[in-house]
> 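Okay, here's the structure, questions in a sec.
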Amino acid sequence: MSKTKHHWENVFSSKKENEVSWFQEYPQTSVEFIALFEMPLDSNIIDVGGGDSYFIDALIEKGYSNLFLLDISENAINRAKKRLGQNAKHVTFIISDITDFAPEVKFHFWHDRAAFHFLTDEKQINKYVSIAENAIEKEGYLILGTFSEQGPTQCSGLEIKQYNKASMSDRFEKSFVRIKCIEEDHATPFNTLQNFLFCSFQKK
Ligand SMILES: C[S@@+](CC[C@H](N)C(=O)[O-])C[C@H]1O[C@@H](n2cnc3c(N)ncnc32)[C@H](O)[C@@H]1O
């Protein structure tokens with residue numbers, strides 16, 4: 001098992017959902033991006049490094065049914081599956097390192113909150129970008145949330161790469177047009193703030 005997978009399997013077997021800094025009861029910002037782009041209900045939507053977050057639940061509640069949840073951690077996927085119960089039928093679960101992902105369908109909406117920023121090695125970052133470029137439909141959307149330059153330098157005890165509007169756009173502008181970026185403070189369950197950058201892009 002890779003060191004990365006080991007780390008995340010351990011997190012999702014030892015910590016409760018609200019014992020991790022990234023916990024959100026409701027993923028308001030992510031849901032607002034879906035609303036902004038008026039995604040049709042039959043869109044293929046993937047949450048990359050989605051863990052056991054409530055984004056999938058929020059999408060099901062809105063009527064989306066072609067959902068994909070990818071995570072490196074089987075424990076995270078199992079937790080999400082168990083919580084979703086009957087609603088799990090709307091979701092294709094994929095246990096994979098994102099940099100090894102070979103998608104079988106194209107996505108209209110690709111969402112990633114706090115997974116991309118764990119890639120600190122140039123080769124891994126380029127792999128992610130190229131997988132996203134190939135996997136997202138023409139005119140489909142990519143939403144990335146990472147720590148900003150005002151945010152922490154670590155997440156879950158691991159080094160992360162911070163982004164600003166320009167450095168994030170640089171990575172994706174070959175195949176995507178940037179639409180909108182926002183910065184926001186996430187209030188952790190430990191009463192601290194983490195500054196995030198969220199940017200949306202549309203595939204050319
Ligand atoms: C900080 S958590 C964020 C979880 C979720 N996106 C959220 O907003 O609550 C990072 C997630 O990314 C997953 N992850 C980390 N590295 C990954 C990789 N290389 N491939 C796939 N998933 C990864 C972890 O297992 C974890 O679920």
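Quick caveat, the model's predicted, so the values are computed rather than measured. In listed order, ligands and their atoms are each counted from 1. For this chain, numbers begin at 1 and follow the sequence in order.
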> Would you mind checking which non-hydrogen protein atom is closest to atom 4 (C) of ligand 1, with the distance to 0.1 Å?
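It is Gly49 O, 3.4 Å.
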
> Give the ring-plane orientation class for Phe37 versus Phe109, where under 30° counts as parallel, over 60° as perpendicular and anything between as tilted.
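Phe37 and Phe109: tilted rings.
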
> Heavy-atom pairs closer than 4.0 Å: do any link ligand 1 to the side chain of Phe12, the backbone, both, or neither?
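It is the side chain that gets close, since no backbone atom is under 4.0 Å.
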
> Heavy-atom distance to atom 7 (C) of ligand 1: which of Arg79, Lys5, Glu74, Arg113 wins?
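It is Arg113 whose heavy atom sits nearest to atom 7 (C) of ligand 1.
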
> Between Phe198 and Phe196, what is the ring plane arrangement, given parallel below 30°, perpendicular above 60°, and tilted in between?
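Parallel, since the angle between the ring planes stays under 30°.
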
> Answer yes or no: is there an ion pair linking Arg79 with Glu9, defined by an N-O contact shorter than 4.0 Å?
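Glu9 and Arg79: not salt-bridged.
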
> Among protein heavy atoms, which lies nearest atom 15 (C) of ligand 1, and at what distance?
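Its nearest protein heavy-atom neighbour is Trp8 NE1, 3.4 Å.
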
> Please confirm whether Thr99 comes under 4.0 Å of ligand 1, counting heavy atoms of the residue only.
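Checking ligand 1 against Thr99, which is what was asked, there is no heavy-atom contact under 4.0 Å.
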
> Identify the protein heavy atom lying closest to atom 20 (N) of ligand 1, giving its residue, its atom name and the separation to 0.1 Å.
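Among all protein heavy atoms, the one nearest atom 20 (N) of ligand 1 is Ile98 N, 2.8 Å.
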
> Answer yes or no for Arg83 and Tyr54: cation-pi contact, defined as NZ/CZ to six-membered ring centre under 6.0 Å and angle to ring axis within 45°.
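Verdict for Tyr54: a cation-pi partner in Arg83.
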
> Hey, can you tell me if Trp110 and Phe101 have their rings parallel, tilted or perpendicular (30° and 60° cut-offs)?
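Correct class here is tilted.
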
> Where is the tightest heavy-atom contact between Gln202 and Glu139, given as atom of each residue plus distance?
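Shortest heavy-atom contact: NE2-O, 2.9 Å.
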
> Between His117 (side chain) and Ile160 (backbone), is there a donor-acceptor pair under 3.5 Å?
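Not at all, since once roles are kept as given, no pair shorter than 3.5 Å links the two residues.
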
> By number and element, which atoms of ligand 1 are closer than 4.0 Å to a non-hydrogen atom of Ala115?
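Counting from 1, the qualifying ligand atoms are 12 (O).
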
> Identify, by atom number and element, the atoms of ligand 1 in contact range of Phe118, meaning under 4.0 Å from any of its heavy atoms.
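Answer for ligand 1: 1 (C), 10 (C).
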
> Tell me: protein heavy atom nearest atom 23 (C) of ligand 1, and distance?
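Of the protein heavy atoms, Ile72 CG2, 3.6 Å lies nearest.
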
> Contact between Gly50 and ligand 1, counting heavy atoms under 4.0 Å?
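It does; at least one heavy atom falls under 4.0 Å.
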
> Between the side chain of Ser156 and the main-chain N/O of Leu158, is any donor-acceptor distance below 3.5 Å?
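Answer holds: no.
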
> Among all protein heavy atoms in this structure, tell me which lies nearest to atom 25 (O) of ligand 1, with the distance rounded to 0.1 Å.
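Going atom by atom, the protein heavy atom closest to atom 25 (O) of ligand 1 ends up being Asp71 OD1, 2.6 Å.
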
> For Gly51, take its heavy atoms, then give the atoms of ligand 1 lying under 4.0 Å from any of them.
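Those of ligand 1 that fall under 4.0 Å from Gly51 are 27 (O).
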
> List the closest protein heavy-atom neighbour of atom 10 (C) of ligand 1: residue, atom name, distance to the nearest 0.1 Å.
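The closest heavy atom on the protein side is Ala114 O, 3.2 Å.
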
> Look at ligand 1 and say whether Ser96 reaches it with a heavy atom at a distance under 4.0 Å.
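Contact check Ser96 vs ligand 1: positive.
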
> To check you understand the geometry: which heavy-atom pair defines the closest contact between Leu69 and Ile77, and what is its length?
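What the structure gives for the nearest pair is O-CD1, 3.7 Å.
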
> Tell me the closest heavy-atom pair linking Asp47 and His111, and the distance in Å.
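Residues Asp47 and His111, closest heavy atoms: OD1-ND1, 2.7 Å.
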
> Below 3.5 angstrom, do we get any N/O pair linking Asp97 and ligand 1?
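Yes; at least one N/O pair falls below 3.5 Å.
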
> Does at least one non-hydrogen atom of Phe55 fall below 4.0 angstrom from an atom of ligand 1?
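No.
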
